[in-house]
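Per chain, numbering begins at 1; letters A, B, ... match sequence-line order.
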Protein chains: 2
Amino acid sequence: MKLSRQFPLNALRVFEAAARLLSFTKAGEELGLTQTAVSYQIKLLEDTIGEPLFLRRPRQVILTDAGERLAPKISQAFETIGDAIASTRSQSDGTLIIHTTATFASRWLAHHIGTFQLENPHIAVRMETSQETIDFSKTEADVAIRSSKSGIWPGLRSHFMMKSHFTPMLNPKLAESVGGINHPADLLKVRIIDASDPWWRLWFLAAGVTEIDLAARPTSRFGGIQAFEAAAAIAGHGVAILKPEFYTDDVALGRLYQPFDLLASDGSDYWFAYPETRRNSPKIRAFREFMRKMMPTFRD
Amino acid sequence: MKLSRQFPLNALRVFEAAARLLSFTKAGEELGLTQTAVSYQIKLLEDTIGEPLFLRRPRQVILTDAGERLAPKISQAFETIGDAIASTRSQSDGTLIIHTTATFASRWLAHHIGTFQLENPHIAVRMETSQETIDFSKTEADVAIRSSKSGIWPGLRSHFMMKSHFTPMLNPKLAESVGGINHPADLLKVRIIDASDPWWRLWFLAAGVTEIDLAARPTSRFGGIQAFEAAAAIAGHGVAILKPEFYTDDVALGRLYQPFDLLASDGSDYWFAYPETRRNSPKIRAFREFMRKMMPTFRD
DNA sequence: CTGCATGGATCAAGAGGACTTATCCATGAA
DNA sequence: TTCATGGATAAGTCCTCTTGATCCATGCAG
């Protein structure tokens, strides 16, 4: 059976307005309905309650005792509902949940999010990190930042943020200790941090160095988590293959050194995504504009 | 625009159940809907709020932060509404508003209503008196007792209660003071209380007395309000034309005397009426059964 | 008193929204 | 693996609800 039959909520909504305004016509105006509709709904409600709620006097309606008793409680209930929805909406509007990779979070977001918060003091940011790409219907998140080749996901709108290119980086002291890194082959003088990282092969390929057996080399394995590899490189344990955009600070502080301008790419890029249906949500819109401003390579 | 669009109350109702049971299927069962309908309504609500309320995990749904915040308030609001309706219904069920004539109220109801209240202790009785026939849509009333010729009113169900016949009555001492009232013509020895009352003409007609010019006689006028005429008769001011059923007490107490068995009628009868649509209302049903029992001439 | 404005009731017709049925999919359990 | 569970999706149906027209009663102004 139809729910509205068992529990005529819309009729109650109409009743509330009519009882407050003591006029079917005015109630209709307030609710965007015709007077006819109001009359119909009130009668419906009276039928289900089994009591008349209004006395129909010419040119005015007045509440019966039953109506008089019912009205204030109904008003209050709808006020509760209205408040609840409004506060849910505003509180949710007030919290932006960002899902991103650990590296992007620590290397880019952590440095820039302060600006976003200064510009949007009413939006709290909650950051979640995960390696896997998330499903917005299964995970509580407003936006996600992921590395991917295409940036096309069904139901999601996505924006290109930056190319995911990489280059070897190491502690400058380590470079000096082996007499400097002037040619790609010089890299082999130091330990390769996680030589199993597929990026290495791609970079050496781009550099024209093909005859290296990376698999044979001593290596430290970090499961491809860039942040760990970077930490090892900073500590002088070897040379890591990193995204230089993420380590400009470390370069400036002399903790890392990028020996070559050459950048290689595995074809993946960084994308920013959110559900298509929520593209106009204020907080998502605000974050999108922030990203557009802060990231020169951002594209619609 | 449709009200349910602006304010998806039914969707909220569904959400409330789903949030409480943490299952769309169970919510559907509770509300008498299919799981599909629940899914549809929840999505509708999420669209209007602009926030996901549930995370769809395989074989279970869980509330998002937003849903978690919304649910308790909505539950409470619906509880308020449910209580309000229930209490309106029960309180209204608990008060029976009877509209009747002053005479019937004072002469019959007042004597018998105690029995009704003993039998129905949870029903409070409110009595309103009025001369005019009332309009249930304009006057707050559950049942009405009226004198009328046909007992047929559109939209009302009515029951015949008693014939509205009448006969002269006077204080026995007054009767003695004129040597007794043995023939209709003897009535002319005493003052006729409200000779302008049309009942007198009808009664004399029934008694075969035609050659009386009532208009010419000294009279007291009470506007046809029987209770006033009766009071005057009891006080010994003259003879009144009354419904004997209403004055059995006064006859028993020796305050009134009915000299003739002859009863005349103007064709009106006493009817008991209420809106057809409310015939099954418990309080109306209770009162109808009471009337049926107390009034031998009651007819369906 | 007459005519107008106001506010509600009633009616028929039609739109569109709320459901249903059928089907599919993913997962956890046996 | 197969089955059971719980939800999503698509398409179609039914009927609630809205609309617009019309009518009625009353209060008010002239």
Review point. Less than 4.0 Å between a side-chain N and a carboxylate O, is that true for B:Arg20 and B:Glu16?
Key: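 Here B:Glu16 pairs with B:Arg20 in a salt bridge, since their nearest N and O are under 4.0 Å apart.
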
Practice item. I would like to know whether A:Asp142 and A:Thr95 meet side-chain contact (heavy atoms from CB on, under 4.5 Å); could you show each step before the answer? Key: CA-CA 9 Å; A:Asp142 296 307; A:Thr95 304; 5.7 Å; no

Review point. Is B:Gln35 side chain donor-acceptor paired with the D:dA8 base, going by distance under 3.5 Å alone?
Key: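 Answer yes: a donor N or O sits under 3.5 Å from an acceptor.
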
Measure [atom1]/[X] against [atom2]/[N] and give the value in whole Å, please.
X	N	atom1	atom2	result
B:Leu44	C:dC19	CG	P	10 Å
A:Leu45	D:dC17	CG	C1'	15 Å
B:Tyr40	D:dT13	OH	C1'	13 Å
A:Asp135	D:dA8	CG	C1'	12 Å
A:Gln41	D:dT19	CD	P	11 Å
B:Lys43	D:dG6	NZ	P	20 Å
A:Leu9	D:dT16	CG	P	16 Å
B:Phe54	D:dG6	CZ	C1'	13 Å

Practice item. Nearest-nucleotide wise, let me know which of B:Thr36 and B:Lys26 is further upstream toward the 5' end of DNA chain D. Key: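 Of the two residues, B:Lys26 wins.
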
Practice item. Return the 5'-most residue of the pair B:Lys138, B:Arg57 with respect to DNA chain D, ranking by each residue's nearest nucleotide. Key: B:Arg57

Exercise for review: Examine the side chains of A:Arg69 and B:Ser92 and answer whether a donor and an acceptor come within less than 3.5 Å of each other.
Suggested key: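 Indeed, the side chains of A:Arg69 and B:Ser92 share at least one donor-acceptor pair under 3.5 Å.
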
Practice item. Using distance alone, with no hydrogens and no angle criterion, decide if B:His159 and B:Tyr270 have a side-chain donor and acceptor under 3.5 Å apart. Key: no

Point to revise | Qualifying residue, where the test is ring-ring contact (aromatic ring centres under 6.0 Å, His included) with A:Phe272 and the options are A:Phe287, A:Trp153, A:Phe104 | key: A:Phe287

Within the structure shown, what part of the strands sits under 4.0 Å from [X] by heavy-atom distance: base, sugar-phosphate, or nothing?
X	value
B:Ser23	sugar-phosphate
B:Arg56	sugar-phosphate
B:Val61	sugar-phosphate

Practice item. Verify the contact: side-chain N or O of B:Ser39 to OP1 or OP2 of D:dA8, cut-off strictly under 4.0 Å; return yes or no. Key: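 For D:dA8, OP1 or OP2 has a side-chain N or O of B:Ser39 closer than 4.0 Å.
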
Point to revise | Phosphate OP1/OP2 of C:dT6: any A:Thr25 side-chain N/O under 4.0 Å | key: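 So the side-chain polar atoms of A:Thr25 never come under 4.0 Å of the phosphate oxygens OP1 or OP2 of C:dT6.
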
Review point. Taking the side chain of A:Arg59 as heavy atoms from C-beta outward, which of D:dA4, D:dG27, D:dT19 is closest to it?
Key: D:dG27

Check your understanding: Starting at the 5' end of DNA chain C, which residue's closest nucleotide do you reach first, B:Pro58 or B:Thr34?
Key ->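 Whichever sits nearer the 5' end wins; that is B:Thr34.
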
